[in-house]
Amino acid sequence: MTREEAQKEIAGLSEKINYHNDLYYQKNTSEITDYEFDHLLDRLIQLEQEFPEFKYPDSPTQRVGGTITKEFETVYHKYPMLSLSNTYSTEELKEFDQRVKKGLNDESYSYFCELKFDGVALSLTYENGILTKGVTRGDGTRGDNITNNVKTIRTIPLRLKGDFPGEFEVRGEAFLPKENFLKLNREKEDIGEEPYANARNTASGTLKMQDSGVVAKRGLDCYLYSMMSDSEKIASHEASIELLIKLGFNVSRTFAKCDNIDQVIEYINEWETKRMELPLETDGIVVKVNSIQQQNVLGYTAKSPRWAIAFKYKAESAATLLNNITYQVGRTGAVTPVAELQPVLLAGTTVKRASLHNANEITRLDLRLGDTVLVEKGGEIIPKVTAVDMSKRPADSKPIEYITTCPECNTELIRHEGEAVHYCPNLTGCPPQIKGRVEHFIQRKAMNIDSLGERTISLLYDKGLVYSPADLYDLSFDDIFQLEGFKELSTQNVLKGIEASKETPFESVLFALGIRYVGKTVAEKLAQGMRTVDRLANATYEELIEIPEIGDRIAQSVLVFFQDPVNRQEVKRLENAGLQLEIKDKPNTKISSALADKTFVVSGVFENYSRDELKETIKNHGGKVISAISGKLDFLLAGDKMGPAKKEKAEKLGVKIISEVDFLKMIEQ
Ligand code: IVH
């Protein structure tokens, strides 16, 4: 391909992908399949690698990351990034209002209220409508240049449309939506990793990751709340927010203009509980004097503006008695201590239990049975014990002695070096570990046997029928039929689900095995790297870390798993049961070169074949299937019900339109 051709194709692909992204993310519709979209993107990535000189500064490939930044460059902020003074009381808020009033010599003023988003402050620079820089707050004077990571945040425009100032800066808060945070933690727990403590720190850590490809997968978002420009004369904060919205920035529609401090207090009250429904955590509200001219009159202290203040909501807390500490054992044998509390009403629900995470947390809090403790519910869903009221400590209380043996099977607990969590090492004899492994095995992301559930697994375990995933494949009709609540149909259903799972591809089976640190993505890499379970089971450390994205920790974990004869035996039994334990190569389907280098668009409904079958056939005969009609297209394979616009376009561009019969003739030859 010549440079000119590459340049042209990069331009076309960039435009097309931007168009489809816009449809998908802004208008919630799509015109092409995910597969077709990925195909376009892969092609663009490949061309950009070969011809980097033609890559657009707002190329859509940046959304999926892929760049590695070894060390972030330090950047000085053009305008310092200050902080806000805080208050927790309406009295102090009224004092702030009095200071504003005085500072403005009694002239009239209004406020603009926003929520205080609990994330990571970002500064974005746009030059001629292109996002050129994304920088962290740092120490307020200088921060880290994390542009490549920022570009993966889908709601941050890479190029602006319409009338924009030549150069300006916008500021906002990047955050990990609650939903994504919970999902990420579920995935971590699933593979035996410690969950992240909170969404804010996770967002902050994510933005500082070296590999922007990983950042892209985390699903960060960003709300913008201020704009600064030397050229644009903006009269009020409200006007700057309106401009941000007009330019396509993601502005949380939770703001309100308030004419006086009483209205501000109303806003505070309104959002105290409503904020819990927002997709991110918020810890207060920010009150800003609306007029920019008045902001300038009021000015700044060394650290913060005099024209703004943050009102922080108090985390809801309640005092109650710690009655007991119990211990839960998870699938991986990890032991979690749980505080059993005297039931107490907190933020509308009765709280009876709170997680204590691990032994260190108990020591940190200096907890004792019978203590009066404070429980808090922040933005998080699970309440936590935050402190002990020492004044109420019973005189005869003694420090808690952390358990040394498993509460479920009595085995002595172990603690891996450098880890906070205790583990029960009795993998094969500890009931919650056994049941947990089978539950992990059947889950949707793994073997997807949805006719089985936690309750049935527990029943099967109690009857002594299922102690490991492989036992599922030995179950008979009678084994299941005898279980409480099972009838003929439900029994058949379970058996059908188990049978169907034998078709689950190798990478999912590998994930289902529950090897520590082997999540879904890692399982895919291992499966691709080794192709068969035999090769994986016998791989050396060196061979394992040769596989892309497999590091020391995972390699060790895989080695440990396959060194255990019990695991090897289990895998053998699964293999004998007929599960997929190697990557099935698509058979070499190349039939002929009859369509070599010819491009096709397939559209409409056909008499003899489905669209997908036709596309497969085209590829099997050396042809290429593309999604859009252009002057370069060779054939439009048209069925019934094809949109008239496509036909018209093809005719206009002189593309040959063929029927199913014409097509079949082409390959017959
Ligand atoms: S305006 C002079 N508006 O709070 C600082 N900040 O304590 C002007 N924040 O670093 C900032 N939500 O990270 C502003 N609606 C909002 C905000 C907000 C969260 C954060 C921001 C800032 C910190 C200041």
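Each residue takes its place number in the sequence, starting with 1. Read the numbers this way: they start at 1 and go in the same order the structure lists the ligands and their atoms.
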Can you tell me which residue and heavy atom of the protein come closest to [atom], and the distance to 0.1 Å?
{"atom": "atom 12 (N) of ligand 1", "value": "Phe117 N, 3.0 Å"}
{"atom": "atom 5 (C) of ligand 1", "value": "Leu82 O, 3.5 Å"}
{"atom": "atom 8 (C) of ligand 1", "value": "Leu84 CD2, 4.1 Å"}
{"atom": "atom 13 (O) of ligand 1", "value": "Glu173 OE1, 2.6 Å"}

(message) Any carboxylate oxygen within less than 4.0 angstrom of a Lys/Arg side-chain nitrogen, looking at Lys94 and Glu91?
(response)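 Glu91 and Lys94: not salt-bridged.
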
(message) Under 4.0 Å between a side-chain nitrogen and a carboxylate oxygen: does that hold for Lys183 and Glu179?
(response)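 Not counted as a salt bridge, because no side-chain N and carboxylate O are separated by less than 4.0 Å.
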
(request) On the 0 to 90° scale, with breaks at 30° and 60°, tag the Phe311-Tyr313 ring pair as parallel, tilted or perpendicular. (result)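 Perpendicular: the ring planes of Phe311 and Tyr313 meet at over 60°.
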
Considering only heavy atoms, does [X] approach ligand 1 within less than 4.0 Å through its side chain, its backbone, both, or neither?
{"X": "Lys116", "value": "both"}
{"X": "Lys288", "value": "side chain"}
{"X": "Tyr225", "value": "side chain"}

(request) Please answer whether the main-chain N or O of Asp144 pairs with a side-chain N or O of Thr136 as donor and acceptor at a distance below 3.5 Å. (result)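 Confirmed, Thr136 side chain pairs with Asp144 backbone.
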
(request) Could you tell me whether the side chain of Asp58 and the main chain of Arg159 form a donor-acceptor pair under 3.5 Å? (result) no

(message) Only heavy atoms of Glu114, strictly under 4.0 Å: list the atoms of ligand 1 that pass.
(response) 3 (N), 15 (N), 16 (C)

(request) State the atoms of ligand 1, each with its element, that fall below the 4.0 Å cut-off from a heavy-atom position in Val286. (result)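 Contacts of ligand 1 toward Val286, numbered from 1: 3 (N), 15 (N), 16 (C), 17 (C).
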
(request) Would you check if the distance from the ring center of Tyr223 to the ring center of Phe175 is below 6.0 Å? (result) yes

(message) Suppose we call two aromatic rings close when their centres sit under 6.0 Å apart. Are Tyr56 and Phe54 close by that rule?
(response)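 They do not qualify: ring centres at least 6.0 Å apart.
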
Can a non-hydrogen atom of [X] be found less than 4.0 Å from any atom of ligand 1?
{"X": "Pro305", "value": "yes"}
{"X": "Leu115", "value": "yes"}
{"X": "Met81", "value": "no"}

(message) Tell me which one of Trp307, Phe112, Phe255 satisfies ring-ring contact (aromatic ring centres under 6.0 Å, His included) with His237.
(response) Phe112

